[in-house]
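We use all heavy atoms of the structure for the numbers below, so side chains are in, but hydrogens, waters and symmetry mates are not.
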Amino acid sequence: METEKTPIERKTLDERHQMTDLQRMRHSSAHILATAVLRIWPDALLDIGPPTDEGFYYDFDLPSHRFAPEDFARIEEAMRAVIKENQVFEKSIKTREEAREFFGSRGQTFKVERLADIPEGEAISFYQNGEFVDLCAGPHVMRTSNVKAFKLLRVAAAYYRGSEKNPQLQRIYGTTFPNKTELEGWLTAQEEAKKRDHRKIGTEMGLFAFDSEDVGPGLPLWLPHGTVLIEELEKLAKETEFAAGYVRVRTPHLAKEKLYKISGHLPYYAESMFPPMELREKSGGEGREDTVERYYLKAMNCPHHHKIFAAEPRSYRDLPLRLAEYGTCYRYEQSGELLGLMRVRSMQMNDAHIYCTPEQFADEFRAVNEMYLKYFTIFGLGRYLMRFSTHDPSRLGQKFVDEPVLWKQTEDRVRNVLIESDINHVEVPNEAAFYGPKIDVQVWSVAGREFTIATNQVDFAVPKRFGLVYKDRDNVEKTPLCIHRAPLGTHERFIGFLIEHYAGNFPLWLAPEQVRVMTIGDAETLVNYARSLVKDLRANMVRAESDFTSNKINGKIQDAERSKVHTMLVIGQRDLDAGAVSVRLHGKGNVGAKPRAEAVADILEAIRERRA
């Protein structure tokens, strides 16, 4: 059973009013699920049951029974009965004391605790369908019969409020669609996604491995074929960033506690960082006590880059300054949150920080977006969405840094750039970073699966904490704006996405094994010709391998297909006599014979152009 530890943030009333018809249907489906479970297991304790992007879930505490997929048919039958009863979703309001008494008398302790999440002054609402009554701010569909097509999906363990310190509950996931056709289409897509699971394909292709026992959970080991992907992505990033005027830097993997206190990551980010190392430094003087310094593995690159900015005096003539690094970071993700390459504890980030004046901001932010669009084209990502997260003015000084003028200026600038550049985006209130607006970049794989691959953030607060300044034209010190950007995210997450996007069938420029040269038979003249071809390809930095064994050619081709080799060059006696090769492409079969020099030139050109 998987374990979920990420707490869900309670929606505001405004966010609830904006819920779509599908979200309302899924929310109602969670209540129908809880109704059905209580009919079968009346002693179940309830926590929450929200809609999700995938469907819905409900969390239960049920010591007397451990849910399993074998229970789904029984639960679904009970859910269908609730739907058939055409129960009305009825809203009512209670005082805080009435609500506490209602749930307390029924032993629903989690519901009693959840009352504290409701702000003072907000009405405490209940929704009832049939015999089931739940603490809920809504909204819902009118009747249970409005839920047309649903299916339970899986069971997971879920810590109450996402903390390992709290009781572990049982979570049942499900999904709902307006009709059976959409539901079946979605389920089919999920089956395809399972075939493309990066953990499965990564193991089959020998891309990466994990050794939780000796190395540690969430710490990937990149095998030779997987390292090829890393190096190709870094090459792409370095070429692109060099052309865009970035300069590369290097920073250490750890730093003193003081650095992260200045940045504000400590103490607020401490739970996501590895525990500190305490090092005793010799005082160097007789009778003087040794000092103890605390060091942390770095969880982010920005504090280090801020120190690089501060290492030299800066003038407006130096800006914009674009510092780039594929920096390794370490984050202590909870064990239950680790998921293949998608959630790891060691990651290499395509990071950069752009320091600029307010007047330069729009052009710099526009250039970052254009870099994203370039990458989308290279990787064949036709569908994307940028989620522009803004602040809530009522929460300045609490959730957001108290700089109302800067908030308005930067949000207006980001909004204008997105609109002027015709970037596909949505605006999401109250989800900005503490120090500035941010953009989460979401893409969809060929199989239709949604991924968040990167985040752009505007920072007008932390540079001030570090005392970063430049001198303007009037020789007056000013604090620069900072844009955090990582278009290719982390190697781990982005490669995990690419594996699933391509199903392991990488384009030629990215393929771990680009070319395999194989002979029909093992005659010495054929093998010598083939060897010279492999040598020629490798001299041009093509990842070319060979199969000169006496195995039948069909077996050699099948082996190359299983290994997802992009291009196969087959050499028989006729090819040898003509100074040619027969070209096969993975998944496409034979594309015909070509003169040897032409085949090599085509391969080199396709790699150089990074053709999809």
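Listed here is the closest heavy atom pair of K438 and A432: CG-CA, 4.4 Å. Between Y295 and K256 the shortest heavy-atom distance is OH-CE, 3.4 Å.
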Checklist entry - I557 and E561: side chain to side chain contact (heavy atoms under 4.5 Å, CB included), yes or no, with the steps? => result CA-CA 6 Å; I557 291 171; E561 288 284 351; 4.2 Å; yes

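Counting heavy-atom neighbours within 6.0 Å of K594 NZ, excluding the residue itself, gives a total above 12. Heavy atoms from other residues, nucleotides or ligands lying under 6.0 Å from CG of D422 number 12 at most.
Looking at D440 and T452, their side chains never bring a donor and an acceptor atom within 3.5 Å of each other. Side-chain contact annotation: E513 with S563, donor-acceptor N/O pair under 3.5 Å absent.
R610 has its side chain within reach of E239: a pair of non-hydrogen atoms, C-beta onward, lies under 4.5 Å apart. Proximity of S445 to F497: side-chain heavy atoms (C-beta onward) are separated by under 4.5 Å at one or more points. Residues I423 and Y372 form no side-chain contact, since every pair of their non-hydrogen atoms from C-beta on lies 4.5 Å or further apart.
When each of E192, E500, E54, E191 is tested with R449 by the rule salt bridge (charged side-chain N to carboxylate O under 4.0 Å, His left out), just one qualifies, namely E500. Just one of H305, H306, H304 meets the ring-ring contact (aromatic ring centres under 6.0 Å, His included) condition when paired with F466; it is H306.
Taking the six-membered ring where the residue is Trp, the centroids of H491 and Y326 are separated by under 6.0 Å. The aromatic ring centres of F361 and F460 sit 6.0 Å or more apart.
Ion pairing between a basic and an acidic side chain is recognised when a charged N comes within 4.0 Å of a carboxylate O; R538 and E545 show such pairing. The pair D197-K194 fails the salt-bridge criterion, with no side-chain N (NZ, NE, NH1 or NH2) lying under 4.0 Å from an Asp/Glu carboxylate O. With salt bridges taken as basic N to acidic carboxylate O contacts below 4.0 Å, none links D559 and K556. A salt bridge does not link E477 with K471: none of the charged nitrogens is closer than 4.0 Å to a carboxylate oxygen. Taking 4.0 Å as the cut-off between side-chain N and carboxylate O, E403 and K464 count as a salt-bridged pair. A salt bridge links K200 with E204: at least one charged nitrogen is closer than 4.0 Å to a carboxylate oxygen. Salt bridge absent: E364 and R485 never bring a charged side-chain N and a carboxylate O closer than 4.0 Å.
Seen from the ring of Y435, R465 does not count as a face-on cation partner, given the 6.0 Å and 45° thresholds. For the pair R531 and F548, the cation-pi test (distance below 6.0 Å, angle within 45°) is failed.
In this structure, the side chain of D472 does not engage the main chain of Y316 through any donor-acceptor pair within 3.5 Å. For E333 (side chain) and R345 (main-chain N/O), no donor-acceptor pair under 3.5 Å exists by modelled atom type.
Here L508 contributes atom CG and E609 contributes atom CD; the two are 11.5 Å apart, rounded to the nearest 0.5 Å. With rounding to the nearest 0.5 angstrom, the OG1 atom of T328 is 12.5 Å from the CG atom of L254.
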